[in-house]
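Single-structure report; data block below.
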Amino acid sequence: MTTIIGAWIAAALTLFIFSFLYKDNPFYKLAEHIFVGVSAGYWVVYEVRNVVIPNMIEPVSQGRYIYIVSGIMGLMMLTRVLPKIGWLSRWAIAFTVGMTSGYFLVTYLQSHALEQVRATLLPLNSPNNILIIVGVLTALIYFFFSKEHKGVFGKTAKVGIWFLMIAFGASFGYTVMARVSLLIGRMHFLLSDWLRLID
Amino acid sequence: MRRQVPLVITFVAGMLMIISYFIPRQPFGGLQNLFNQWFIVIVAFALILGALNLIKVNAEKIRRKRPGWGYSAVLLITFTVTVISGLFWGMEQETVFGFIFRNMFVPLGATMFSLLAFFIASASYRAFRARTIEAALLLIAAILVMLGRVPLGSYIWRQFPMLANWIMAFPNMAGQRAIMIGIALGTVSISLRIILGIERSYLGGGE
C-alpha cells in the first residue's frame, strides 16, 4: 500500500515540476517549496547522524574530551544568527577557511598542476601527442593576461581559444546527455512505475 | 581580538595542513587527523546554520503574511517532518524518513535537473548560432560528442563513437588540462594569500 501511495506522490510531484514548462504556476511553486524543505531536512539529518554524532558526540561520551572543541566551534558558527555575538562565528569560519586553503594549496599543486604538466610531457612521435602539447601550451598562453594578446602571441592565444571551445563543447555535450538521461528516467518512472504502460 | 584571532587561527590551520603533507609523522599527522575531524563537524554546523537561516526567513514571511506565505508554511512543515522523522526514527528504508527520501527527495531532485534538459535546448539554440569560428567549434564538438554517445549516432555513421572518443581524449583533454593548470595556479596563489593574512574578505566587514 505504501508503495502505491509513494508512487502517486512521486508522480504528482514530478508532474507539478514539469508543469513549469507551460509557465510558472502554484503547483510548481508548491513542489519547489516541498523540495527545498525536504532537501534541507535531509541534509540536516544526514550531517547530524553521519558526522556530528560519530565525530563529536560519541568520542566525547567515551571520555575523549578534545573532540568537544569542534562542538564549541560549531556553536560559534551558529552565533552568526545573533548580531551581538555574531563575530564569534569568524573563529569557526577562519578555521574552515585555513584548513581548506592549506589542503587545496598542496593537493591542487600536486594533482592539478604538477601531475597535469607531467602528463603533458609526451614524446613528439605521434600527431595526437603533438595535438595535446600544442593545445595545452596555446590554451595556457591564452590564460596569460600580463602581456597584451597581439601579434604572434595573440595568434597563439587564438589557437588556445579554439582548444578551449572544443573542451567547452565536449563538456556541454556531456551535460546535455546527462540531463536527457535524467529526463528519460523520469519519463520511464511515469510510464512504467506509475501508469504501468511499459515494462 | 575580533579580527586578529581569526587570522592566527587561519594561519595555524593552513600551515598545519601544508606541513603535515610534507611531514606526515607525529605530531603533525595526528594533529591533521584531529583537525580533519573538527573540520567536518564545523562544516556540519555550517549546514545547520543554513537551515536555521531558512527557518528564520520563512517564519518571518509567514509572520508578516507576505505574498506566498502559504508556500513558506509548506516548506517549514516538510522541513520539520523530515528532520523529526530522521532524527528520532532513523534513516532506514522502511522509516518515514526513508519514505520521504524515496518518494519526494529523489523524484523531485531528478525532475528538477531533468527540467534543465529543456532549458539547455533553448540555451543551445541561442549559443550555437555559429557566427564565429569559436562558436562553430563549440557547436561541432558538442554535436559530435552527443552523437557519439547515443545509438542513433552509430546508426548514422559507425565511426561517430570513435570520433567522439578521440575528441574527448585529445583536443578536449588539452583544453581541460590547461584549465586545470590555470585553476591550480589560481588556487595556490589565493590559498597563500589567505594563509598569510593578505586576503581577509572572508572575515566580512565591521569590527
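Heavy atoms of B:I179 lying under 4.5 Å from chain A belong to its backbone as well as its side chain. With a 4.5 angstrom heavy-atom cutoff, A:A119 touches chain B via backbone and side-chain atoms both. Contacts of B:F170 with chain A are made by both backbone and side-chain atoms, with heavy-atom separations under 4.5 Å. Both the backbone and the side chain of A:V51 come within contact range of chain B, each with at least one heavy atom under 4.5 Å from a heavy atom of that chain. Residue contact with chain B, scored on non-hydrogen atoms closer than 4.5 Å, involves the backbone and the side chain of A:T120 alike. Heavy-atom distances place both the backbone and the side chain of B:I40 under 4.5 Å from chain A. Of the two parts of A:F20, only the side chain, counted from C-beta on, holds a non-hydrogen atom closer than 4.5 Å to a non-hydrogen atom of chain B. Both the backbone and the side chain of B:I18 come within less than 4.5 Å of a heavy atom in chain A. Interface remark: B:L76 contributes no atoms to any contact with chain A (heavy atom separation under 4.5 Å). At a 4.5 Å heavy-atom cutoff, the contact between B:L87 and chain A is made by backbone and side-chain atoms alike. Only the side chain of B:V5 comes within contact range of chain A, judged by heavy atoms closer than 4.5 Å. For A:M77, the parts sitting under 4.5 Å from any heavy atom of chain B are the backbone and the side chain alike. The contact between B:M112 and chain A is made by backbone and side chain atoms together, counting heavy-atom distances below 4.5 Å. No part of A:E115 comes within reach of chain B, as not one of its non-hydrogen atoms sits under 4.5 angstrom from that chain. There is no contact between B:A164 and chain A, counting heavy-atom distances below 4.5 Å. The contact between B:V41 and chain A is made by backbone and side chain atoms together, counting heavy-atom distances below 4.5 Å. Neither the backbone nor the side chain of A:I53 comes within contact range of chain B; no heavy atom of the residue lies under 4.5 Å from a heavy atom of that chain. There is no contact between A:L137 and chain B, counting heavy-atom distances below 4.5 Å. The parts of A:P26 that come within reach of chain B are both its backbone and its side chain, each placing non-hydrogen atoms under 4.5 angstrom from that chain.
Using a 4.5 Å cut-off on side-chain heavy atoms (C-beta onward), B:I120 and A:T175 make contact. Side-chain contact between B:M104 and A:I34 is present, with at least one heavy-atom pair separated by less than 4.5 Å. Side-chain contact between B:L185 and A:F143: absent, with no pair of heavy atoms (C-beta onward) separated by less than 4.5 Å.
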Practice problem: Applying side-chain hydrogen bond (donor to acceptor under 3.5 Å, both in side chains), run through B:T111 and A:R186 and close with a yes or a no. | Solution: CA-CA 6 Å; B:T111 315; A:R186 294 323 297 155; 3.2 Å; yes
Practice problem: Decide side-chain hydrogen bond (donor to acceptor under 3.5 Å, both in side chains) for A:S171 and B:Q176; before the verdict, give the C-alpha distance in whole Å, the side-chain angles of both, and the deciding distance to 0.1 Å. | Solution: CA-CA 9 Å; A:S171 303; B:Q176 298 286 1; 3.0 Å; yes
Quiz prompt | side-chain contact (heavy atoms from CB on, under 4.5 Å) assessment of A:S39 paired with B:F79 | solution = CA-CA 8 Å; A:S39 304; B:F79 174 78; over 6 Å; no
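Looking at A:R80, its side chain never comes within 3.5 Å of a backbone N or O of B:L49 through a donor-acceptor pair. For the pair A:R90 (side chain) and B:L203 (backbone), a donor-acceptor distance under 3.5 Å is present. A donor-acceptor contact shorter than 3.5 Å links the side chain of A:R49 to the backbone of B:G86.
Nearest heavy-atom pair across A:A167 and B:N172 is CA-OD1, 3.4 Å. Summarising the geometry of B:I42 relative to A:A92, their closest heavy-atom pair is CG2-CB, 4.0 Å, with the distance given to 0.1 Å.
Remark: aromatic rings of B:F97 and A:Y42 are close, center separation under 6.0 Å. Taking the six-membered ring for Trp and the full ring otherwise, the centers of B:Y21 and A:Y103 sit at least 6.0 Å from each other.
A:W8 and B:N103 form no side-chain donor-acceptor contact under 3.5 Å, judged by distance and modelled atom types alone.
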